[in-house]
2 protein chains.
Amino acid sequence: MTTATASRALADTACEAEAACCVPTHGQNALEPAEANALATRFKALADPNRLRILSIVSSSAEAETCVCDLTEPLDLGQPTVSHHLKILVDAGLLNREKRGVWAYYSLAPNALDSLAATLTQKA
Amino acid sequence: MTTATASRALADTACEAEAACCVPTHGQNALEPAEANALATRFKALADPNRLRILSIVSSSAEAETCVCDLTEPLDLGQPTVSHHLKILVDAGLLNREKRGVWAYYSLAPNALDSLAATLTQKA
DNA sequence: TCGAGACATCGATGTTCGTCGATGTATTTA
DNA sequence: TAAATACATCGACGAACATCGATGTCTCGA
């Protein structure tokens, strides 16, 4: 129960051999750098207020489908900027893009947000 | 069932009064800008590979407590950088900081990741 | 075939972010 | 009290990001 505290005290006294001072019992079960990068990319897609609002609008729209021109006004952003944000969300796997005629319809990628949420809860 | 498609076609023909072209049926149930900012701040804390690894190491450590010197080696980062990332995680409410003696112990904030995850799932 | 509309892409710009070395602060030990 | 340790803060620098205007691509209707 007090394993970490005890080993911490142990490490305190054992601080003489080299620069390492604390218990190096971690690092093997930690997130792999490559995996951490992939996860960070998906969270980075969520780390912008306008992109969160895009997801909110898309998911709350009648058919869960939205075109670019539906977003420029409520977001108060230019069309190139909206397209840029949409591309980031699509690249992150959070949105799907379907072009029908002149319009491009965006919809939530099924289970994408859920799997991201599962990554958070299982870690705790 | 085809409400959005129908209203889209409607908007197509109704594109004459002003610059607005698509159905402005959104925006009222969308995420508020202030709320989106707050959420983005928390996701921004997760949008870095090294911070994700910090959370992983902290949560997987024996007592779910970790001091700074436990992190510099597995992350291969300097101590100021690790302190900087920890501050961001604490400010985002994801980590708790407790100073005992010379060491600063960091632990997962209870329910912080869970509530963030809930925000994602309820939106889908 | 031509023009108009919807969207994507490009290039530029101001801002934010991650990282580091240097330094400051607080606590323990001698 | 003085030295050492653990950590936080500061200032700087290069990279990444958000936004915009201009332009390119594609589709539809005249």
Side-chain angles (χ1 to χ4, degrees), chain A residues 8-9 11-23 33 36-37 40-41 43-54 65-73 75-92 95 97-106, chain B residues 8-9 11-16 18-23 33 36-37 40-41 43-54 65-73 75-92 95-106:
Chain A
R8 193 84 54 203
D12 189 12
T13 62
C15 183
E16 51 169 14
E18 45 194 5
C21 182
C22 296
V23 216
N37 273 302
T41 299
F43 281 121
K44 213 169 292 189
L46 296 174
D48 181 272
N50 288 318
R51 286 196 289 269
L52 289 175
R53 299 187 71 198
I54 287 176
E65 271 188 343
T66 316
C67 67
V68 179
C69 54
D70 282 331
L71 296 169
T72 53
E73 182 194 352
L75 296 177
D76 196 31
L77 290 178
Q79 174 264 321
T81 305
V82 173
S83 271
H84 171 246
H85 285 312
L86 287 169
K87 177 175 172 49
I88 290 179
L89 290 170
V90 169
D91 288 348
L95 284 186
R97 176 180 181 272
E98 184 189 358
K99 185 119 183 204
R100 289 202 299 268
V102 189
W103 288 285
Y105 292 91
Y106 290 87
Chain B
R8 193 84 54 203
D12 188 13
T13 62
C15 183
E16 52 168 14
E18 43 195 7
C21 182
C22 296
V23 215
N37 273 302
T41 299
F43 282 122
K44 214 170 291 190
L46 295 175
D48 181 90
N50 288 318
R51 286 197 288 271
L52 288 175
R53 299 187 72 198
I54 287 176
E65 272 187 341
T66 316
C67 67
V68 178
C69 54
D70 283 331
L71 296 168
T72 52
E73 182 193 352
L75 295 178
D76 196 30
L77 289 178
Q79 174 265 319
T81 304
V82 173
S83 269
H84 171 246
H85 285 312
L86 287 169
K87 176 174 172 50
I88 290 179
L89 290 170
V90 169
D91 289 348
L95 284 186
N96 285 328
R97 175 180 182 272
E98 185 189 355
K99 184 120 184 202
R100 288 204 300 268
V102 189
W103 289 285
Y105 293 92
Y106 289 87

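Worth knowing before you read on, the calculation uses all heavy atoms, side chains too, and leaves out hydrogens, waters and symmetry mates.
- Shown here for A/Gln79 and A/Thr72, the closest heavy-atom pair between the two residues is CA-CG2, 3.8 Å.
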| said: Before you tell me yes or no, could you show the steps for B/Leu89 and B/Tyr106 under side chain to side chain contact (heavy atoms under 4.5 Å, CB included), namely the whole-Å CA-CA distance, both residues' side-chain angles and the distance that decides it to 0.1 Å? | reply: CA-CA 10 Å; B/Leu89 290 170; B/Tyr106 289 87; over 6 Å; no

| B/S/- contact track for nucleotides 12-25 of chain D, protein heavy atom under 4.0 Å | -----SSBBBB---

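- Here the C1' atom of nucleotide C/dT27 and the OH atom of B/Tyr105 are 13 Å apart, to the nearest Å.
- A donor-acceptor pair under 3.5 Å is formed between the side chain of B/Arg51 and the backbone N or O of B/Lys44.
- For the pair A/Val102 and B/Val102, nearest-nucleotide mapping onto DNA chain D gives the more 5' position to B/Val102.
- The closest side-chain heavy-atom distance from A/Leu71 to A/Leu86 is below 4.5 Å.
- Taking atom CZ of B/Arg97 as the reference point, atom C1' of D/dA6 lies 11 Å away to the nearest angstrom.
- In this entry the distance linking CH2 of A/Trp103 with C1' of D/dG29 reads 12 Å, nearest Å.
- Rounded to a whole Å, the CG atom of A/Leu89 is 12 Å from the P atom of C/dA8.
- Atom pair B/Glu73:CD and D/dA6:P shows a separation of 14 Å (rounding to whole Å applied).
- Counting to the nearest Å, the C1' atom of D/dA6 and the CG atom of B/Asp70 are 12 Å from each other.
- Within the 4.5 Å cutoff, the side chain of A/Leu95 has heavy atoms near those of the A/Ile54 side chain.
- When the P atom of D/dC7 is taken as reference, atom OH of B/Tyr106 falls 8 Å away, rounded to whole Å.
- Straight-line distance from the CZ atom of B/Phe43 to the P atom of C/dT16: 22 Å, rounded to whole Å.
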| query | Between B/Arg53 and B/Leu75, is a side chain to side chain contact (heavy atoms under 4.5 Å, CB included) present by the stated rule, with each step listed? | reply | CA-CA 8 Å; B/Arg53 299 187 72 198; B/Leu75 295 178; 3.7 Å; yes

